[in-house]
Amino acid sequence: MIKILIADDQELIRQSLQIILDSEPDFEVTDTAANGVEVIRCIRKERPDVILMDIRMPEMDGVVCTQIIKENYPDIKIIILTTFDDDEYVFNALKYGASGYLLKGISMKELTGAIHKVYQGTAMINEDIASKVVRLFSRMAQSNMTIQVDEQQSRDLKNSEWQIIVQVGSGLSNKEIAAKLNLSEGTVRNGLSTILSKLNLRDRTQLAIWAVQTGAVNKVFRDEE
């Protein structure tokens, strides 16, 4: 019996998935959660084998939740099940240890098959996303898998700019960053543009990769605690 935890901020999706998956003879939905904080709480109560994890959830998103879970419960398999295929979401989810990244448009047959395969140790990625992942990691490999930023350039960053970098590295959109930092979306866009200029980076994806690779995200999180 494969124990499954469903994490999605939309109640209808949680309930629908639970009904369908519970009807499978070898699946048991142990619990459902509306955000990352609830996911951690559910895991402590009853540890699942596989988590179906949405990306955009309140309080704690799926990317940050994936990182925390894999650091503390490495045996739990995580499948990102989302409508978003933005580069930063894909990269960070896989970087932190997700075993699968699927779009919600897949059929239930494909989903149940993916759960079985991930449970058995196979990684599963949507065909639509696979080419994106290959291109992304190919670009990283061509640059020795490192985004280079001059140390002096990073020293010139203001604390407010670091706050934006933290959120970009965690996979948040401009709208989500604005809400979290109590800023307007325009301020976030302008701040991001300034950051990219200061660090001489091409785009948001490069910034996210740099933040993760250098540990900048974790360093700032620790400083804030």
Side-chain angles (χ1 to χ4, degrees), residues 36-37 40 53 55-72 74 78 80 82 84-98 101 125 129-225:
V37 175
I40 303 301
M53 183 90 73
I55 282 285
R56 291 189 179 180
M57 297 185 292
E59 296 191 53
M60 180 191 295
D61 67 34
V63 172
V64 174
C65 189
T66 295
Q67 180 186 17
I68 293 172
I69 291 170
K70 296 303 289 187
E71 286 177 351
N72 294 278
I78 298 175
I80 301 297
T82 182
F84 301 99
D85 65 346
D86 292 345
D87 285 2
E88 62 263 32
Y89 290 129
V90 175
F91 172 79
N92 285 324
L94 297 177
K95 172 76 174 181
Y96 291 138
Y101 199 110
I125 301 176
I129 297 175
S131 59
K132 180 187 291 287
V133 172
V134 170
R135 289 195 302 270
L136 178 59
F137 283 91
S138 175
R139 290 199 301 267
M140 292 172 60
Q142 290 169 7
S143 60
N144 295 320
M145 298 190 71
T146 301
I147 300 297
Q148 299 289 346
V149 170
D150 184 85
E151 189 174 344
Q152 182 57 50
Q153 292 173 313
S154 62
R155 286 200 193 116
D156 292 338
L157 292 168
K158 299 176 181 177
N159 186 61
S160 59
E161 292 168 339
W162 277 112
Q163 300 306 311
I164 293 176
I165 291 171
V166 168
Q167 309 310 325
V168 170
S170 298
L172 272 64
S173 66
N174 286 353
K175 183 176 181 179
E176 291 169 323
I177 294 172
K180 191 161 187 177
L181 300 183
N182 196 27
L183 301 170
S184 69
E185 285 190 61
T187 299
V188 173
R189 282 195 300 271
N190 292 338
L192 183 57
S193 177
T194 300
I195 291 166
L196 293 175
S197 178
K198 283 186 176 182
L199 299 181
N200 197 28
L201 295 177
R202 184 183 64 247
D203 54 31
R204 183 192 197 94
T205 300
Q206 283 195 338
L207 178 62
I209 293 172
W210 174 76
V212 172
Q213 288 181 335
T214 61
V217 171
N218 293 329
K219 179 178 184 301
V220 176
F221 275 139
R222 287 196 294 270
D223 289 345
E224 290 181 331
E225 294 176 350

How many angstroms lie between atom [atom1] of [X] and atom [atom2] of [Y], to the nearest 0.5 angstrom?
X    : Y    : atom1 : atom2 : answer
E176 : Q167 : CD    : CD    : 9.5 Å
S154 : I195 : OG    : CD1   : 12.0 Å
C65  : I78  : SG    : CD1   : 6.5 Å
E71  : Q67  : CD    : CD    : 4.5 Å
I68  : M60  : CD1   : CE    : 3.5 Å
L157 : W162 : CG    : CH2   : 5.5 Å

What pair of heavy atoms forms the shortest contact from [X] to [Y], and how long is it?
X    : Y    : result
A93  : I80  : CB-CG1, 3.8 Å
T66  : G62  : OG1-O, 2.7 Å
N174 : E185 : O-CG, 4.3 Å

Close side-chain approach of [X] to [Y], heavy-atom, < 4.5 Å:
X    : Y    : result
V64  : D61  : yes
W210 : I165 : yes
L183 : I177 : no
L181 : V188 : no

[Y] backbone acceptor or donor facing [X] side chain under 3.5 Å:
X    : Y    : value
S197 : S193 : no
T194 : N190 : yes
Q153 : D150 : yes

Which residue pairs pass the salt bridge (charged side-chain N to carboxylate O under 4.0 Å, His left out) test with at least one member in residues 155-164, sequence neighbours excluded?
E151-R155, E161-K198
Does I55 form a side-chain contact (heavy atoms from CB on, under 4.5 Å) with Y101? I'd like the steps, not just the answer.
CA-CA 10 Å; I55 282 285; Y101 199 110; 4.1 Å; yes
For a side-chain contact (heavy atoms from CB on, under 4.5 Å) check, start with the C-alpha distance between V149 and N200, then their side-chain angles and the critical distance, and finish with the verdict.
CA-CA 7 Å; V149 170; N200 197 28; over 6 Å; no
